[in-house]
Amino acid sequence: DPDSELCRWRSGRVEEASVELTEVLEAAQHWWAVSGGAFHPGAAQLRARWLRAEAEQRLPAATELDVLAERLRELPYHCAAGIVVRTGDCSGLDLNAIAKGYIVDRGVAAAGAVAGVVDVLVNAGGDLRHIGDQSLRVGVEDPRQPGGAPLQVVEVGEGALATSGPVHRGFRVGRHWYGHVLDPRTGRPVAGRPSTTVRAPDAMTADALATVAGVLDWPTAAAIVSASPAAGCLVVDESDEVLTCGAW
């Protein structure tokens with residue numbers, strides 16, 4: 001929506017970001033720093049290039065991807081003390097890897113604030129949050145058998161789950177399928193990680209960590225997830241091994 005606050009802010013039509021937009025931009029900056037750039041809120045141009053590759057049925061040149069990745073070495077904005085300042089070209093900001101979780105959290109908070117409501121579940125296609133005294137049983141899809149028996153069933157009380165992986169979203173170029181999770185450090189789709197699921201106290205954290213853990217190598221990802229309060233992770237790696245860490 002060209003009239004949304006995000007579009008107006010990133011184009012410079014609005015100078016001061018709202019409290020809500022600032023909160024998401026601050027969180028994105030945090031995860032970018034923690035992940036060493038594996039999470040980046042400005043990868044819209046990179047995604048657009050892979051969408052064009054699919055439309056043209058021709059892979060991008062390695063040199064072109066290197067140039068796009070080089071542009072993502074830094075953030076084009078900086079947050080401090082609740083103030084956001086653009087420091088570069090923000091036209092490529094999309095916040096897709098974190099904003100859905102934020103929206104889920106806002107929806108849960110709004111519903112939970114209604115008198116008489118004792119239990120709330122919001123499931124937004126891969127980002128789920130629940131509050132209330134009840135405990136839910138949630139099946140994690142097995143990427144090797146989409147739609148079949150779940151990989152695991154987990155109990156979710158007060159908390160969130162987010163899953164990321166290439167099974168349902170990606171780019172088909174010729175006979176090859178490339179997952180939609182792109183490594184902003186290289187410009188290439190991530191390979192060897194069929195599924196990454198994170199549980200965390202809130203959906204925005206789970207959303208961001210699912211991307212972080214889905215891009216980084218497992219030891220690094222496991223260390224970051226385990227260091228996040230009450231967070232845990234389950235992944236399926238390229239050899240079909242199921243790995244877990246943290247508060248899974």
Side-chain angles (χ1 to χ4, degrees), residues 1 4-6 18-28 30-31 39 41 94-169 179-181 193-214 221 224-226 228-236 242-248:
D1 179 1
S4 70
E5 184 196 3
L6 174 60
S18 68
V19 172
E20 293 82 5
L21 180 55
T22 298
E23 185 178 353
V24 178
L25 289 169
E26 283 181 329
H30 167 77
W31 292 115
F39 175 96
D94 59 25
L95 301 176
N96 287 350
I98 196 168
K100 186 200 281 190
Y102 178 78
I103 292 166
V104 168
D105 289 331
R106 296 279 292 186
V108 167
V114 175
V117 172
V118 297
D119 195 273
V120 179
L121 169 66
V122 174
N123 185 358
D127 290 70
L128 173 153
R129 176 140 184 221
H130 173 257
I131 61 172
D133 294 334
Q134 300 295 319
S135 182
L136 304 178
R137 287 168 54 82
V138 181
V140 178
E141 185 178 62
D142 189 336
R144 300 159 296 188
Q145 304 178 54
L151 178 67
Q152 281 192 16
V153 176
V154 294
E155 296 281 340
V156 180
E158 295 257 356
L161 285 177
T163 296
S164 179
V167 174
H168 297 289
R169 295 172 59 197
H180 76 287
V181 180
R193 189 62 60 76
S195 177
T196 304
T197 299
V198 169
R199 66 186 306 164
D202 61 90
M204 182 164 68
T205 298
D207 196 7
L209 272 177
T211 297
V212 170
I224 291 175
V225 172
S226 298
S228 302
C233 182
L234 175 148
V235 307
V236 178
V242 178
L243 305 169
T244 63
C245 71
W248 182 258

Distance in Å, [X] [atom1] paired with [Y] [atom2], rounded so as to fall on 0.5 Å steps:
X: Thr205; Y: His30; atom1: OG1; atom2: NE2; result: 8.0 Å
X: Thr244; Y: Gln152; atom1: OG1; atom2: CD; result: 7.0 Å
X: Trp31; Y: Leu209; atom1: CH2; atom2: CG; result: 4.0 Å
X: Glu158; Y: Arg129; atom1: CD; atom2: CZ; result: 7.5 Å
X: Ile131; Y: Asp202; atom1: CD1; atom2: CG; result: 12.5 Å
X: His168; Y: Glu141; atom1: NE2; atom2: CD; result: 3.5 Å

Closest heavy-atom pair and its distance - [X], [Y]:
X: Ile224; Y: Ser228; answer: O-OG, 3.0 Å
X: Gly107; Y: Val122; answer: C-CG2, 4.5 Å
X: Pro146; Y: Val167; answer: CG-CG1, 3.6 Å
X: Pro150; Y: Gly139; answer: CB-CA, 4.0 Å
X: Asp127; Y: Ala203; answer: OD2-O, 4.3 Å
X: Ala97; Y: Phe39; answer: CB-CE1, 3.6 Å

Side-chain touch [X]/[Y], heavy atoms, less than 4.5 angstrom:
X: Ser195; Y: Thr163; result: yes
X: Arg144; Y: Leu151; result: yes
X: Val198; Y: Cys233; result: yes
X: Val24; Y: Ile98; result: yes
X: Val181; Y: Thr196; result: no
X: Trp248; Y: Val154; result: yes
X: Leu243; Y: Cys245; result: no
X: Leu21; Y: Leu95; result: yes

Can you confirm whether Glu20 is buried at CD, in the sense that more than 12 heavy atoms of other residues, nucleotides or ligands lie under 6.0 Å from that atom? yes

Counting heavy atoms not belonging to Asp1, are there more than 12 under 6.0 Å from its CG? yes

Under 3.5 Å side-chain donor-acceptor pair for Asp119 and His130: yes

